[in-house]
2 protein chains.
Amino acid sequence: MSDEPKGTETLGVSFSDKVPEGDEMSRAVCDHCEFVHYVNPKIIVGSVVAHGGKILLCRRAIEPRRGYWTLPAGFMEQNETTQEGAKREAFEEANADIRIGDMLALYNVTHISQVHIMYRAELVTPEFSPGMESLEVGLFAWEDIPWQDLAFPSVIWALNQYKSVIHQSHFTPFTNPHPSEDDAMDILRGLKKV
Amino acid sequence: MSDEPKGTETLGVSFSDKVPEGDEMSRAVCDHCEFVHYVNPKIIVGSVVAHGGKILLCRRAIEPRRGYWTLPAGFMEQNETTQEGAKREAFEEANADIRIGDMLALYNVTHISQVHIMYRAELVTPEFSPGMESLEVGLFAWEDIPWQDLAFPSVIWALNQYKSVIHQSHFTPFTNPHPSEDDAMDILRGLKKV
């Protein structure tokens with residue numbers, strides 16, 4: 001999933017960092033053809049999918065964090081909406097047909113230049129099974145969520161924020177928790193209980 | 001601002017569409033080095049900036065829609081948050097120091113694979129001037145907004161949606177208007193008044 005060309009030196013292709021005309025930032029520009037390799041943040045679309053008071057989680061079959069539990073989410077693709085992308089990811093990872101609701105949260109994960117857009121969702125039918133990227137898939141009651149075995153801090157953020165507005169039909173979407181209030185890493189390390 | 005390599009054929013570099021291992025979609029893969037050229041939707045970050053009941057607009061010095069008025073907005077860059085990006089764009093396009101507020105809207109512009117994330121904002125100081133990408137910059141009372149000379153339908157969406165929640169401190173962010181209710185093109189063509 002790298003953005004960087006591999007082994008292109010052997011082809012005599014090389015890029016230099018320079019500021020293209022009319023731009024304000026340095027970019028990787030091909031030394032031969034002046035092609036500007038713009039790299040911009042990527043969007044992850046996903047959802048907290050509920051059914052009968054339980055939450056759908058997928059155990060990852062791929063790195064990073066293979067074997068850990070996550071929410072259905074992945075890279076948004078060309079020519080789809082954010083909602084369509086979140087629906088597609090639930091189908092790919094859990095063979096689940098979901099109905100997308102309100103936007104739950106927008107997270108900025110700046111160190112890897114990702115923007116995560118998460119929705120509330122519901123299962124349309126109570127059917128699901130592991131997709132290609134999942135080892136297993138399950139519906140979890142809140143008290144059965146395997147907090148220490150979740151894949152990423154953002155999964156913890158989304159689950160807790162989801163619960164905090166579970167009875168609200170309208171709310172302002174959440175963002176990253178303030179660092180001083182972010183206990184996700186402590187939860188993953190088993191130092192704190194939810 | 002093209003994502004496509006130009007003139008690379010002359011270097012003997014060629015890409016073929018194929019599905020990389022473990023992927024589910026066809027991608028442009030280099031025939032020599034197997035580099036996968038992932039192309040994903042890009043994020044535009046921007047804001048509706050208010051000061052004293054007026055709105056900040058910028059007249060575009062660049063294509064597309066050179067000479068038309070727009071909101072300060074542009075491509076989100078690596079390692080910044082969506083809010084930081086919106087603030088940077090106001091500075092680059094209008095030399096304006098702004099304070100970012102709530103998320104106003106998330107628009108999916110699928111035919112060009114863009115996601116627009118717009119915020120409410122205020123001028124920190126009543127100072128602004130045209131940046132490199134603007135011909136002029138001004139504060140407009142609602143009744144003075146040059147509707148027929150706005151650059152894009154999404155500018156009309158954001159302005160109207162901004163006005164509809166101007167007295168609300170909390171609201172659910174907007175999305176694209178439903179096609180049956182979207183009169184932005186009629187407004188740009190002068191067929192309908194705001």
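The chains referred to below are lettered A, B, ... by the order of the sequence lines, with proteins before strands, and numbering in each begins at 1.
- Of the two parts of A/Glu77, the backbone and the side chain both hold a non-hydrogen atom closer than 4.5 Å to a non-hydrogen atom of chain B.
- No continuous path of ILVMFWY side-chain contacts below 4.5 Å connects B/Ile44 to B/Ile156, so the two sit in separate hydrophobic clusters.
- Ranked by non-hydrogen atom pairs under 4.5 Å with chain A, the options B/Glu133, B/Met132, B/His111 are led by B/Met132.
- Linking ILVMFWY side-chain heavy atoms closer than 4.5 Å, directly or via other members, places A/Leu104 and A/Phe140 in a single hydrophobic cluster.
- Contacts from residues 164-181 of chain A to chain B, taken as heavy-atom pairs separated by less than 4.5 Å, involve A/His170, A/Phe171, A/Thr172, A/Pro173, A/Thr175 in sequence order.
- Interface with chain A: from residues 45-72 of chain B, no residue qualifies, criterion being any non-hydrogen pair under 4.5 Å.
- Under a hydrophobic-cluster definition in which Ile, Leu, Val, Met, Phe, Trp and Tyr are linked whenever side-chain heavy atoms come within less than 4.5 Å, directly or via other members, A/Ile117 and A/Ile98 are assigned to the same cluster.
- Hydrophobic clustering, with ILVMFWY side chains joined whenever heavy atoms are under 4.5 angstrom apart, keeps A/Leu139 apart from A/Leu159.
- Cluster annotation: B/Trp147 is connected to B/Met185 through the hydrophobic network of ILVMFWY side chains, with a link wherever side-chain heavy atoms come within less than 4.5 Å.
- Going from atom CD of A/Glu92 over to atom CE of B/Met25 covers 5.0 Å, rounded to the nearest 0.5 Å.
- Counting heavy-atom pairs under 4.5 Å between each of B/Thr81, B/Asp102, B/Thr82, B/Asn108 and chain A puts B/Asn108 at the top.
- In this structure, chain A has a heavy atom under 4.5 Å from the side chain of B/Met103, while its backbone stays farther away.
- In summary, of the residues considered (A/Val115, A/Ile43, A/Asn40), a side-chain contact (heavy atoms from CB on, under 4.5 Å) with B/Met76 occurs for A/Val115 alone.
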